[in-house]
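To find a chain, count down the sequence lines: A is the first, B the second, and so on, and within it residues start at 1.
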Amino acid sequence: MLRNALRNLLAHKLRLLLSGAAVVLGVAFIAGTLTFTDTLNRTFTSLFEDTSADVNITPKAAFETGLAGTGVTSSESSVPESMVAEVAEVDGVALAAGFVQAEGVYLLDRDGEPVGTGGAPGIGTSWAETDEQLGIATMVEGEPPVGRAEIAIDTNTAEKTGYGVGDRAAVLTPGPRLVAEVVGVFKFGDDGGTAGAAITAFDLPTAQEVMLEPGQLSGISVISEDDVSDDVVADRISDVVGSGYDVKTRAEQVEDGAAALEEELSFINTFLLVFAGVALFVGSFLILNTFSMLIAQRTRELALMRALGASRRQITTEVLVEALLLGLAGATSGLAVGFGLAYALKALFGQIGLTLDGSLRLTVDAVVWSYIVGVVVTVLAAYLPARRAARVSPVAAMRADLVTHSKPLRTRTLIGVALSVVGVAALLAVTLPEEGSGLLLALGAACLLLAAITLSPVLAVPFVRFVGVLLPRLAGKTGHLARENALRNPRRTAATSSALMVGLALITGFSIIGASARASVDELVDDALAADYVVSTAIDQPFSPDLADDLREIEGVESVTQERYGVALVEGEQDFFVAYDPATIEQALNVEMASGDVQGMAGNGVLVYESVAEDRGFVIGDELEFVMPNGESAALVVGGLLDDNAPIGPYVMSLETYDSTGGVAVDRSLYVDVADGIDAAAVKAEIASAVDAFPIVDLKDAEQFKDEQRGQVDQMLMLINALLVLSVLIAALGVVNTLVLSVIERTRELGLLRALGMSRRQVRRLVRLESVVISLYGAVLGLGLGIVLGFTLIRFLRADGLTETAVPMLQLVLFLVLGGVIGVIAAALPARRAGRLKVLDAIATE
Amino acid sequence: MTTVEQDMSEPRTTGQVAARCEGLRKVYGEGETEVVALDAVTVAFAKGRFTAIMGPSGSGKSTLMHVMAGLDEATAGQTWIGETELTTLGDKGLTRMRRDMVGFVFQSFNLVPTLSALENITLPMDIAGRKPDTAWLDTVIDTVGLRSRLSHRPAELSGGQQQRVACARALASRPEIIFADEPTGNLDSHSGSDVLAFLRMSVRTMGQTVVMVTHDPVAASYADRVLFLADGRIVDEMADPTADRVLERMKAFDPASAKEA
């Protein structure tokens, strides 16, 4: 049986190639997506695993504030340097070293621009002896830095800037600006990955001076003796340093890091999961479709074997063995191709400035799913026609003019309509209440997607008829024939187009959300910005308050409002707060109040989003306890309720409160208001030159500010689209596959047309037109579906600031055109093949 | 059988020849696997005549037709349709020639399943972008007796009806010559004689030229002239054939007596 199955596989090389290609494509998509998402995840997690000491001692945080390095830290406390000696005395400690680490330290490249501000922070650190021993960082060239005039940089940064040992470079710190010689280049972690961050290392005294204060440390890292467990050492250290400090073993640090990461990246994880789901779906679909297209051919063949006396069992066994071989081979190559795809995606991300350090790794998930889909789906897809063949009477199946009598589409229509009703109802329910549930949204979207796939063959007929009216006019008989071909088997037309539909639906949905987000940003800036200029870094990195002071000196500048923020436990729940000077906030921002006055934030007052206040039962006059991460607390009185669409929130406090609770003295944004009736241009020039002294920040007027905000939306969309492009690519290849199959299936008919005098060009055009019609159908369905999903999502997200709805018409038209273009491109190969058919061979094919 | 008196002298002037070939040779394969399908065949098909080509399996009768119709390339020799020499034409020229000058009737009907009967009939002209001659089309349709079935798809027609549609398609564009490859091979005898009678009528009353490959002596008896092929050569011909005479002649091709040919 095995030999027969093998022989059968080889006997139909092209068919084997095409159905194999479907398996490879489907599996490649899945493997590529899973591998890539794994890399994305590990890019962040590896930072924790590689960079933890055996035991770390840090000031106790009142609560976990999430992932360090997100810029949302409001207050820091420190460890006295004297503690290092105490810790070193502890039994079991091999080495203890203090370290200083802070954000907001930027190395300037040769053009005076800060390195790595495109999406990652600049980090300053002290060079600790323990680092090298722990493998956190390894000096690969030069010496550790000594004194103010020397620094060391990480390998990524060295590569980006071209700095090497002996070069001089400027460094911006929260304190002074330094010019120092690069004396060392070190590799961070195992693979040098810093998730894009630029790391500058100083010696300890310099680090203390520029980032903290002399005699103080960010923490102490400890290497324990080999024969003592980290837990034991940590316990002993805890006894020595007391309860004011967190003493964590490596395992605990990694765990904390991972937990924080999970929260921070939950959106990305959800998205990637959804995407993996889409990949699984599209991949399986592609395989099933391709096999279903071979049914007619296959059915006849199997029926012949039945007629020759093969038992059902024999046929089933042969088909299954065949499919198993094909599935195994396809899944294995698919896995390899998918790995290549992930590699390409990683390179693509690198191109747009998002370096992924996590090396590509074949995960168990990717392998398991690849084989599950590759083998199981293939076997299933091959089994169905076999079962069918067993049911058809051999004689009927062998008739030369076997027409695959398609079952009526009635059941399908009913199921499809029912699914769409459920889907639409779920989506409507999402948009109705104030806060829809995400689960309902997912259910609605899934139902609608399934409904679209189910109904696709039903809708294909009227669509092709409608569009097809044009074809005969455009291309005469060829157009007419193309239309009839697309209509011939609506199931196939639908199946061919559905992968494209799914891809375009997703892209369309995200485009609408993106356009709406951009429009919302514009609207928000227009409504909210009262100041003339905004000064900030591209990604809300902190910068020195010296700039605000400098700007206030300029004549014509009416006010400079500093913005700082952080997280606090508000009555036991962690939330985000912003701090301004109440005296000037109204010159900076238009803050819409639901009740009370903006000035309610002055002194120990605080403003709260109306919805938050409602949820938590706060009313004006209530006293709320704010606990900062450093353990300091303040009792703040609710002085007013912010409109939910206000640009700031959920809590707004005074700068005074922020400072008195130990907030770090770094600014996140400055709002500069210029006095009326003076020479605006001259003032702007002066402001610009003051800002130029701080290369990490930019001066933006309202338009530029909008552009920058939109830019953030765009970058996010780019990431999403990079993944979606993959799905469209796979879909396009699926169309190619299907078309080649249908050309083969119609070899005879195409040969006849050639015999009757159709030129090669006409035959090519015939195939191409059919392909365009099918692709356009997929594109139109996808657009429709994407628009519905996009609108629903916008309604769903309106509480999160998506207040405007914008439809990027031009983009949608482009997608439609793209659908047509994919049709043309996908048809290139099959059309060529069709054109090259030898007339006689084609007619002789039986 | 044929009762009409025919002028049996071979018309040799080019004006009266629909298609001809000279020294036609066709070889398949190379070296040891070489098979000579046609060996120095020279033949002419007169305009307005119905010619049948007969021969045992492998005699080269289908190859002769394919090469003369421009569906296959000759290894050596020349072929003409009307005044046009096919052997010098490229794919484009051959395509145009097939479209404008040749009609085909195949054994397995070969209709386009997505098109109606009428659309199938006018397909060659549609491909060429020409308007069909309505009066002629009406004549053809009435002759094949398919007027009531014009809007049906091939799957809704019987085998005989499908083959009549195929005949009408071959006739509709008034080609120089019609090649029919075993047109009755897939039909029962009743439907088959309908088709043959129609082909003969198209020659007699419409002045068409038909060349038909067949192995059925009865089918051959409808023709004005029968050519016998064996081992790639024309070995005999017969005017005004009857089924019995043809059958008698075919018996001579029995393997035992093949050498005499």
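The ring-ring contact (aromatic ring centres under 6.0 Å, His included) check on Phe45(B) picks up nothing, with sequence neighbours excluded.
More than 12 heavy-atom neighbours from other residues, nucleotides or ligands sit within 6.0 angstrom of CZ on Arg147(B). Within 6.0 Å of CZ in Arg233(B) there are 12 or fewer heavy atoms belonging to other residues, nucleotides or ligands. Within a 6.0 Å sphere centred on NE2 of His152(B), other residues, nucleotides and ligands contribute more than 12 heavy atoms. Residue Glu73(B) places its CD atom among 12 or fewer non-hydrogen atoms of other residues, nucleotides or ligands, all under 6.0 Å distant.
Here the CD atom belonging to Gln762(A) is positioned 6.5 Å from the CZ atom belonging to Arg99(B), to the nearest 0.5 angstrom. To the nearest 0.5 Å, the span separating CG on Leu752(A) from CG on Leu123(B) amounts to 7.5 Å.
In terms of heavy-atom proximity, Ala755(A) sits nearest to Phe104(B) at O-CE1, 3.2 Å.
Using a 4.5 Å cut-off between heavy atoms, Arg754(A) touches chain B through backbone and side chain atoms alike. Looking at Leu111(B), the atoms closer than 4.5 Å to chain A (heavy atoms on both sides) all sit in the backbone: N, CA, C or O.
Residues Arg760(A) and Thr95(B) have side chains that never bring a donor and an acceptor to within less than 3.5 angstrom of each other.
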Between Asp91(B) and Arg836(A), is the salt bridge (charged side-chain N to carboxylate O under 4.0 Å, His left out) condition met? List the steps.
CA-CA 10 Å; Asp91(B) 181 72; Arg836(A) 289 220 165 164; over 6 Å; no
